[in-house]
Amino acid sequence: MNKVLMIIGDGMGDCAYKELNNRTPMQVANTPELDKLSKNGICGMVYPVGEGLIPSSTVAHRALLGDWNFQKHIGRGLFAALSSNISLSNTDIVFRCDLSTVNDKRIVIDERAGRIKDTHEIQNLINSLSPIEGVDFEYQAIKEYRGVLIIHNNNQFKGTNVTDLFALEHSYLEECMPLDQKSIGLASFINKLYRKTHKVLQQQSQLYSNKATAITLRGSARVMQLTNGFLSDKNISGGFVTGIPDVYGVLKYCGLTPLTDLNNICLSTITPEEYIDPILDNLKEHDLFVINIGSFDAAGHDGNLSKKIEYFEQLDKMIKYFKEKTTEQVTIVITADHCTLCRTKQHSFLPVPVIVSPSNEGSDNVKTFSEADFVKSGILGTLANGNVVAKIVAANLGKGFYVS
């Protein structure tokens, strides 16, 4: 059977900048291997979740991996929980958490608390507050500023439909609000939890000289059964590598098997061995291999253009490493889950690039790895959403979707 390596550059897309002579980071980067892939395959652009819509990473990955119901909301707390080693039950309520810097006036100074690394003591400190008013909870740090909050075995909260306790930098952090009568109790608890954790985190921030003064929470969800999307539809076996906790969870949700621990992946650089060696070790075991690279997204959120260009060049070296290490015929698909613009430091509705190389459908007239060339000469045009990419992947695995 054919094999596919699908590389999803998290936040890889971007726009043109005057300081780059009206070119994008992707155009400026020196990428000979990616140029070859583009020349030998078929290319285009894709709106990950639909035209004009700004995707989150979790929704976009669901679309790209063939979850046909990707527009149905699932709180990203579920995906954060799936990336942890905590045992979950169907009565648990989960939230994605970020350690943040928030002042006494509830203004968010830094969404990611300086990308704090050492969070073991903070985890213990937060968990020492449990229970609050008879509600047992557990906080687990996952990676850097990211964590998950689990409210265990809880039937007293009938609803989970609450607003996120989250705000962008320099914005006011609104209280968590219920969106229906059933969720009043949960919203009240989250606000109490925030106030208590804010107080103790401010104290530890001064003691340990870090920037973590609060936890923000988003994506409430109850634990639910996993699905497999088109992987189960077509009996496709898949494995994945990523260093991003939420993405780790969503790829498990979509039915793929983790090939390495997420903490084995460094996000500040793209090291070929970290991503490729686990795939080479399992090349006989699966049909589809998915790599998510979170470095592009970090550079975008930090507004670091030079770093984003550097990551494209590191991706190029990773492609070269893979091609040198395997003699098997593997179709390489490269795309992104969304644009993270260095200009705004946020996600964007702009389409992202997609390459399929080599493809069963031959090649087009694209010569270079650039959005401009993909738009001008790519045979794929601009695809409606990530589900179309999933169908193209299935076709290149010999499991295409036929209409008769």
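In this structure, Arg343 satisfies the cation-pi test against Tyr17, with its NZ or CZ atom closer than 6.0 Å to the six-membered ring centre and inside 45 degrees of the ring normal. Under a cutoff of 6.0 Å and an axis angle of 45°, Arg218 and Phe166 form a cation-pi pair.
Under the 3.5 Å distance criterion, the side-chain polar atoms of Thr335 are matched with a main-chain donor or acceptor of Pro353. In this structure, Asn385 contributes its side chain and Tyr47 its backbone to no donor-acceptor pair below 3.5 Å. With hydrogens and angles ignored, the 3.5 Å screen pairs no side-chain donor or acceptor of Glu274 with any backbone N or O of Ile265. A donor-acceptor pair under 3.5 Å is formed between the side chain of Lys143 and the backbone N or O of Gly243. Judged by distance alone, with hydrogens and angles left aside, the side-chain atoms of Ser363 form no donor-acceptor pair with the main-chain N or O of Gly41 at under 3.5 Å. For the pair Thr197 (side chain) and Leu193 (backbone), a donor-acceptor distance under 3.5 Å is present. Under a 3.5 Å cut-off, the side chain of His152 and the backbone N or O of Asp136 do not form any donor-acceptor pair. The backbone N or O of Lys72 sits nowhere less than 3.5 Å from a side-chain atom of Asn69 that would complete a donor-acceptor pair. With hydrogens and angles ignored, the 3.5 Å screen pairs a side-chain donor or acceptor of Ser38 with a backbone N or O of Leu34. Within the 3.5 Å criterion, the main-chain N or O of Gly239 finds no donor-acceptor partner in the side chain of Thr257.
Residues Ile355 and Phe374 are in side-chain contact: their nearest non-hydrogen atoms beyond the backbone lie under 4.5 Å apart. Under the 4.5 Å side-chain criterion, counting only non-hydrogen atoms from C-beta, Thr101 is not in contact with Val108. Here the side chains of Asn2 and Thr331 are not in contact, with every heavy-atom distance at 4.5 Å or above. Within the 4.5 Å cutoff, the side chain of Cys43 has no heavy atoms near those of the Val354 side chain. Side-chain contact between Ile291 and Met318: present, with at least one pair of heavy atoms (C-beta onward) separated by less than 4.5 Å. A 4.5 Å side-chain heavy-atom check between Val388 and Val46 finds every atom pair outside the cut-off. The shortest distance between side-chain heavy atoms of Asp10 and His61 falls below 4.5 Å. By the 4.5 Å heavy-atom criterion applied to side chains, Phe70 and Leu64 are not counted as neighbours.
Under 3.5 Å, the side chains of Asn365 and Ser377 contain no donor-acceptor pair of N or O atoms. For the 3.5 Å distance criterion, the side chains of Thr340 and Gln346 fail to qualify, holding no donor opposite an acceptor. No side-chain donor-acceptor contact under 3.5 Å links Asp287 and Ser237. Ser57 and Asp337 share a donor-acceptor pair across their side chains, judged by distance under 3.5 Å alone. For the residue pair Glu361 / Ser359, a side-chain donor-acceptor distance below 3.5 Å is found, with atom types taken as modelled. A side-chain donor-acceptor contact under 3.5 Å links Asp261 and Asn263. Inspection of the Thr368 and Asp373 side chains reveals an N or O donor paired with an N or O acceptor under 3.5 Å. Side-chain contact, Tyr311 with Asp316: no donor N or O sits under 3.5 Å from an acceptor N or O. Of the N and O atoms on the side chains of Glu371 and Thr24, at least one donor lies less than 3.5 Å from an acceptor on the other residue. Under the 3.5 Å distance criterion, with hydrogens and angles disregarded, a donor-acceptor pair is assigned to the side chains of Thr91 and Ser89. Side-chain contact, Glu310 with Asn304: no donor N or O sits under 3.5 Å from an acceptor N or O. Between the side chains of Ser130 and Asn127, no donor N or O sits under 3.5 Å from an acceptor N or O.
In Phe349, the CZ atom is not crowded: 12 or fewer heavy atoms of neighbouring residues, nucleotides or ligands sit closer than 6.0 Å. Within 6.0 Å of atom NZ in Lys211, 12 or fewer heavy atoms from other residues, nucleotides or ligands are found, so the atom counts as exposed in its surroundings. By the neighbour-count criterion of 12 heavy atoms within 6.0 Å, atom NZ of Lys284 is sparsely surrounded, having that number or fewer from other residues, nucleotides or ligands. Around atom CD of Gln181, no more than 12 heavy atoms belonging to other residues, nucleotides or ligands sit under 6.0 Å away.
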Residue pair Phe240, Tyr248: steps toward the ring-ring contact (aromatic ring centres under 6.0 Å, His included) verdict: CA-CA 8 Å; Phe240 72 87; Tyr248 187 100; 5.1 Å; yes

Verify side chain to side chain contact (heavy atoms under 4.5 Å, CB included) between Ile107 and Ser171, making sure each step is shown before the conclusion. CA-CA 6 Å; Ile107 302 299; Ser171 300; over 6 Å; no

Check the pair Ile293, Ile8 against side chain to side chain contact (heavy atoms under 4.5 Å, CB included), reporting the backbone distance first and the verdict last. CA-CA 6 Å; Ile293 301 175; Ile8 302 173; over 6 Å; no

Is there a side chain to side chain donor-acceptor pair (under 3.5 Å) between Ser56 and Thr58? Walk through the geometry before answering. CA-CA 6 Å; Ser56 70; Thr58 52; 3.2 Å; yes

Could you go through Glu175 and Arg195, starting from their C-alpha distance and side-chain angles, then the distance that decides it, and tell me whether this counts as salt bridge (Lys or Arg N to Asp or Glu O under 4.0 Å)? CA-CA 10 Å; Glu175 288 208 335; Arg195 288 190 289 270; 3.2 Å; yes

As a quick check of understanding, evaluate side chain to side chain contact (heavy atoms under 4.5 Å, CB included) for Asn396 and Val333, giving each step before the final call. CA-CA 10 Å; Asn396 279 272; Val333 176; 6.0 Å; no

Go through the steps to decide whether Leu288 and Met6 satisfy the test side chain to side chain contact (heavy atoms under 4.5 Å, CB included), and finish with yes or no. CA-CA 7 Å; Leu288 171 65; Met6 184 178 189; 4.2 Å; yes

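Going from atom CD of Glu111 over to atom CG of Asp98 covers 7.5 Å, rounded to the nearest 0.5 Å. Once rounded to the nearest 0.5 Å, the distance linking CD1 of Ile244 with CG of Asp297 reads 6.5 Å. Atom-to-atom distance recorded for Leu256:CG and Cys254:SG is 7.0 Å, nearest 0.5 angstrom. The distance from the CG atom of Asp118 to the CD atom of Gln123 is 11.0 Å, given to the nearest 0.5 Å. Atom CG of residue Asp302 and atom CZ of residue Arg112 lie 7.0 Å apart, to the nearest 0.5 angstrom. To the nearest 0.5 Å, the span separating SG on Cys97 from CD on Gln140 amounts to 11.0 Å.
Between His286 and Phe289, the two ring planes are perpendicular [angle over 60°; tilted spans 30° to 60°]. Ring orientation note: the planes of Phe401 and Trp68 are nearly perpendicular, at an angle over 60° on the 30°/60° scale. Aromatic ring pairs are classed by plane angle as parallel below 30°, tilted from 30° to 60° and perpendicular above 60°; the pair His338 and His347 is parallel. Using cut-offs of 30° and 60° on the angle between ring planes, the pair Phe312 and Phe296 is tilted.
Closest heavy-atom contact between Pro358 and Gln329: CG-NE2, 3.0 Å. Among all heavy-atom pairs drawn from Gly13 and Ala336, the shortest one is N-CB, 4.2 Å. The shortest heavy-atom contact between Lys105 and Tyr172 is O-CE1, 3.3 Å. Heavy atoms only, all atoms of each residue included: Lys345 and His301 are closest at O-ND1, 2.9 Å.
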